[in-house]
Amino acid sequence: MKSKISKWLSILIPLILGIGLITYQYHNFSDQQIIEIKGYFKNADYIYIYLSLIIALFGFWSRAYRWKFSLEQLGYQTKFHNNLMAVCIAYLMNLTIPRSGEISRALVLKKYEEVPFDKAFGTIVAERVVDFLIFLLFVVSAFIIEFDILKEYVTKHIPIEKLSILFGIAVVGFISFVIIWFYSNWKIVNLLKDKFSGLIEGMTSILKMKHKWAFLFHSFFIWFTYLLMFYITIFALKETSSISIGAVIVGFIFGSLAIGFTNSGFGVYPFIIAEILFLYAVPQTAGTAFGWLIWTSQTILTVALGGLSFLLLPILNRK
């Protein structure tokens, strides 16, 4: 009973918070501003939206194809269509519970390809580590190109003192974990190592795989599609079509953070995008409309592909 309640709360709380934020944004605009936002939706050039969705499909394909390299290293030859549908379902699940998609991907392979959950999940965690490092490259690039803008935005929301404290705590915590994990003989640590042996094997598969360069190529290609999707969409609105590449990268970074730390950015993504673009003299109404155009189109694609995958998986795997 308690587990069911916890499950529903994990879905409902992000949903309620997202709806609350949408409501707050809606009431924060005047009637005239709301009319302006509706006008942006009406007059947007949707050809660029459709192009961004086509680019997104390449990103889905590349993520599914990249997965096979780490799975092959563990000795599992999985069907590509199962990998792809597992990825599509993962994106769909992230709309409900943040980061639940990683678990669903591993569960799909366990059911349809008989890959042990811990090993499949380990490969996914390893992918996420690589993705995080690539994302850090975007962050570093943004700080180099747009340092003054980023400094102004971050310090406005989080004082430097608090940032320094949080960074210090994170560094100390990470170093402490590494030391305890590798050098401690505590029973609890050894028990955890034993329990997570499959997970660790999956995570380290990247270091041993034969096709490292192909794996890295797809890793960078996936993030290239993410950035290109964002960039293409700026031409859908006249007010955003002339923003600089620096503004695009900064908006992309904060949008990615909104998606990663919430249930795929529900309610949060358009709000953050509007705030970032406002720093580059884009009207708040135009920035909000732009954020909703990106989020809505990508969400429709995610729901469509995820729902289709749920239907096709049992049909294509009858045996």
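Residue indices begin at 1 and follow the sequence shown.
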Query - Flag, side chain of Glu113 to backbone of Lys79, donor-acceptor distance under 3.5 Å - result: yes
Query raised in the report: Transitively linked via ILVMFWY side-chain contacts under 4.5 Å: Phe80 with Phe60?
Result: yes
Query raised in the report: Which heavy atom in Thr225 sits nearest to a heavy atom in Ile55, and how many Å separate them?
Result: O-CG2, 3.5 Å
**Report entry** Any side-chain heavy-atom pair of Val268 and Ile259 under 4.5 Å
**Finding:** no
Requested in this report: Could you go through the side-chain contact (heavy atoms from CB on, under 4.5 Å) check for Phe254 and Ile273 one step at a time?
Outcome: CA-CA 7 Å; Phe254 280 92; Ile273 293 299; 5.8 Å; no
Query raised in the report: When you look at OH of Tyr231, are more than 12 heavy atoms from neighbouring residues, nucleotides or ligands closer to it than 6.0 Å?
Result: no
Query raised in the report: If Ile, Leu, Val, Met, Phe, Trp and Tyr residues are connected whenever their side-chain heavy atoms lie under 4.5 Å apart, and connections chain through other members, are Phe224 and Phe252 in the same group?
Result: yes
Report task. Work out which heavy atom in His211 is nearest to a heavy atom in Glu72; give both atom names and the distance. Result -> CD2-OE1, 4.3 Å
**Report entry** Validation row: Tyr46, Phe41 side chains within 4.5 angstrom (heavy atoms)
**Finding:** yes
Query raised in the report: side-chain contact (heavy atoms from CB on, under 4.5 Å) between Phe220 and Leu137: does it pass, once the steps are laid out?
Result: CA-CA 11 Å; Phe220 279 99; Leu137 289 178; 3.9 Å; yes
Query - pair Arg63-Asp131: side-chain heavy atoms closer than 4.5 Å - result: yes
Query raised in the report: How close do Leu92 and Gly307 get, heavy atom to heavy atom, and via which atoms?
Result: CD2-N, 3.8 Å
Requested in this report: Give a yes or no on whether Leu216 and Trp67 share a hydrophobic cluster (residues Ile, Leu, Val, Met, Phe, Trp, Tyr; joining criterion: side-chain heavy atoms under 4.5 Å apart).
Outcome: no
Report task. To the nearest 0.5 angstrom, please state how far the OG1 atom of Thr285 sits from the NZ atom of Lys38. Result -> 13.5 Å
Report summary line: Output for pair (Ile49 CD1, Ile54 CD1), nearest 0.5 Å, gives 12.0 Å
Query - CG-CD1 distance between Leu257 and Ile272, expressed to the nearest 0.5 angstrom - result: 7.5 Å
Requested in this report: Determine whether Val87 and Asn83 make a side-chain contact, defined as any pair of heavy atoms from C-beta on separated by less than 4.5 Å.
Outcome: no
Requested in this report: Among Phe217, Phe132, Phe135, find the residue that satisfies the ring pair (Phe, Tyr, Trp, His ring centres under 6.0 Å) test when tested with Trp223.
Outcome: Phe135
Query raised in the report: Is Tyr50 atom OH crowded by more than 12 heavy atoms from other residues, nucleotides or ligands, each under 6.0 Å away?
Result: no
Query - Which atom of Ser219 lies closest to which atom of Val130, heavy atoms considered - result: OG-CG1, 3.7 Å
Report task. Starting at CD1 of Ile47, measure out to CZ of Phe235 and round the result to the nearest 0.5 Å. Result -> 13.5 Å
Query raised in the report: Is the closest side-chain heavy-atom distance between Ile249 and Glu146 below 4.5 Å?
Result: no
Query - Residue Phe221 excluded, over 12 heavy atoms near CZ under 6.0 Å - result: yes
Requested in this report: Identify whether Phe278 and Ile276 are in the same connected component of the hydrophobic contact network (ILVMFWY, side-chain heavy atoms under 4.5 Å).
Outcome: no
Requested in this report: Take Arg105 and Ile89, measure what side-chain contact (heavy atoms from CB on, under 4.5 Å) needs, and give me the verdict at the end.
Outcome: CA-CA 7 Å; Arg105 276 177 66 183; Ile89 288 172; over 6 Å; no
Report task. To the nearest 0.5 Å, tell me how far Thr233 OG1 sits from Leu53 CG. Result -> 8.0 Å
Report task. Check whether more than 12 heavy atoms from other residues, nucleotides or ligands sit under 6.0 Å from atom OH of Tyr280, and answer yes or no. Result -> yes
**Report entry** Shortest non-hydrogen separation from Tyr76 to Glu114 and the atoms involved
**Finding:** CE2-O, 4.2 Å
Quiz: residues 310-317 side-chain donor-acceptor pairs under 3.5 angstrom, not counting sequence neighbours:
residue, atom, partner, partner atom, Å
Asn317, OD1, Asn82, ND2, 3.0
Asn317, ND2, Asn82, OD1, 2.9
Asn317, ND2, Leu313, O, 2.8

Report task. Would you check if Thr302 and Asn94 make a side-chain contact, meaning some heavy-atom pair closer than 4.5 Å? Result -> no
Requested in this report: Taking Ser297 for its side chain and Ile294 for its backbone only, find out whether a donor-acceptor pair lies under 3.5 Å.
Outcome: yes
Requested in this report: Tell me whether Ile300 is reachable from Leu95 by hopping between hydrophobic residues (I, L, V, M, F, W, Y) whose side-chain heavy atoms are closer than 4.5 Å.
Outcome: no
Report task. State, with a plain yes or no, whether a side-chain heavy atom of Phe117 is found less than 4.5 Å away from one of Ile103. Result -> yes
Query - Separation between CG of Leu57 and CE of Met229, rounded to the nearest 0.5 Å - result: 9.5 Å
Query raised in the report: Which pair of non-hydrogen atoms, one from Glu239 and one from Val282, has the smallest distance, and what is that distance?
Result: O-CG2, 3.9 Å
Query raised in the report: Using 30° and 60° as the class limits, which term best fits the ring planes of Tyr65 and Phe69: parallel, tilted or perpendicular?
Result: perpendicular
Query raised in the report: Is the backbone N or O of Ala120 less than 3.5 Å from a side-chain atom of Thr123, with the two atoms forming a donor-acceptor pair by type?
Result: yes
Report task. For the pair Glu102 and Glu127, evaluate side-chain contact (heavy atoms from CB on, under 4.5 Å) and give the outcome as yes or no after the intermediate values. Result -> CA-CA 10 Å; Glu102 281 73 6; Glu127 285 182 4; over 6 Å; no
Report task. Decide yes or no on ring pair (Phe, Tyr, Trp, His ring centres under 6.0 Å) for His218 and Trp61, but give the supporting numbers first. Result -> CA-CA 10 Å; His218 281 280; Trp61 173 85; 5.7 Å; yes
Query raised in the report: For the residue pair Phe230 and Phe290, does the interplanar ring angle fall in the parallel (under 30°), tilted (30 to 60°) or perpendicular (over 60°) class?
Result: perpendicular
Query raised in the report: Would the number of heavy atoms belonging to other residues, nucleotides or ligands and lying under 6.0 Å from CZ of Phe58 be above 12?
Result: no
